[in-house]
Amino acid sequence: MKRYNYIRRIVDKLTSSGSNNEEFTLYNHLVEMQSGTDGFFAVTIYSNSDRYSGEVAVFSFDYLTRSLYIEAAESRKMADAIISAFKTFYPDYLKILDDTLKTEEI
């Protein structure tokens, strides 16, 4: 069973970063943060330190509205780990939009 203990540390680094655009490796996962403004960032976490290894999660956060938008996650457990990490830093109010809960019918 895969564990996502590193997500809290990644979220901590993202929310305390002074940079709008940053790329770093943590726990052998490449993390790419992009933003055009100070109050918002979008993140892609890759399977390992190689950008072409596949994505583990894609999400964004808006500081002004405290909105977390999870666009994609490799599993429900990963999405829950991201939500839990943000709730640690924003326990009072956090709006969550989670596209991983939607299921498509073919």
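Model, not experiment: these values are computed from the prediction.
Note: the hydrophobic cluster containing I82 also contains I96 (ILVMFWY, side chain heavy atoms under 4.5 Å, direct or indirect links). In the hydrophobic cluster analysis, where Ile, Leu, Val, Met, Phe, Trp and Tyr join through side-chain heavy atoms closer than 4.5 angstrom, F61 is grouped together with I83. Under a hydrophobic clustering in which Ile, Leu, Val, Met, Phe, Trp and Tyr are joined whenever their side-chain heavy atoms come within less than 4.5 Å, directly or via other members, F41 and F89 fall into the same cluster. No continuous path of ILVMFWY side-chain contacts below 4.5 Å connects L26 to Y46, so the two sit in separate hydrophobic clusters.
Within a 6.0 Å sphere centred on CG of D38, heavy atoms belonging to other residues, nucleotides or ligands number 12 at most. Within a 6.0 Å sphere centred on CZ of R76, other residues, nucleotides and ligands contribute more than 12 heavy atoms. Counting non-hydrogen atoms of other residues, nucleotides and ligands closer than 6.0 Å to OH of Y93 gives a total above 12.
Counting all heavy atoms, side chain and backbone alike, L14 lies closest to V43 at CD1-CG2, 3.6 Å. A pairwise comparison of heavy atoms in Y63 and T15 identifies OH-CA, 3.3 Å as the closest pair. Closest non-hydrogen pair, A79 versus D98, comes out as CB-OD2, 4.1 Å. Of all heavy-atom pairs between R66 and L94, the closest is O-CD1, 3.5 Å. Contact detail for A85 and V11: the closest heavy-atom pair is CB-CG2, 3.7 Å.
Aromatic ring pairs are classed by plane angle as parallel below 30°, tilted from 30° to 60° and perpendicular above 60°; the pair Y90 and F86 is parallel.
Put simply, the side chain of S35 gets close to the backbone of F40: a donor and an acceptor are under 3.5 Å apart. Remark: the backbone N or O of D80 is not paired with any side-chain donor or acceptor of S84 at under 3.5 angstrom. The backbone N or O of N48 lies less than 3.5 Å from a partner atom in the side chain of S53, making a donor-acceptor pair. Distance alone, capped at 3.5 Å, places no donor-acceptor pair between the T25 side chain and the S49 backbone.
Counting heavy atoms from C-beta outward, V56 and M78 have side chains that approach closer than 4.5 Å. A 4.5 Å side-chain heavy-atom check between I45 and F59 finds at least one atom pair inside the cut-off. A 4.5 Å side-chain heavy-atom check between E23 and R51 finds at least one atom pair inside the cut-off.
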Self-check item: E32 vs N21, side chain to side chain contact (heavy atoms under 4.5 Å, CB included): CA-CA, chis, key distance, verdict
Solution: CA-CA 8 Å; E32 181 180 53; N21 297 299; over 6 Å; no
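Between S60 atom OG and I70 atom CD1 the span is 9.5 Å, to the nearest 0.5 Å. T100 contributes atom OG1, which lies 11.0 Å from atom CD of E71 (distance to the nearest 0.5 angstrom).
A donor-acceptor contact under 3.5 angstrom links the side chains of D99 and Y69, judged on distance only.
Sorted by first and then second residue, the ring pair (Phe, Tyr, Trp, His ring centres under 6.0 Å) pairs with a member in residues 2-34 read Y6-H29; sequence neighbours excluded.
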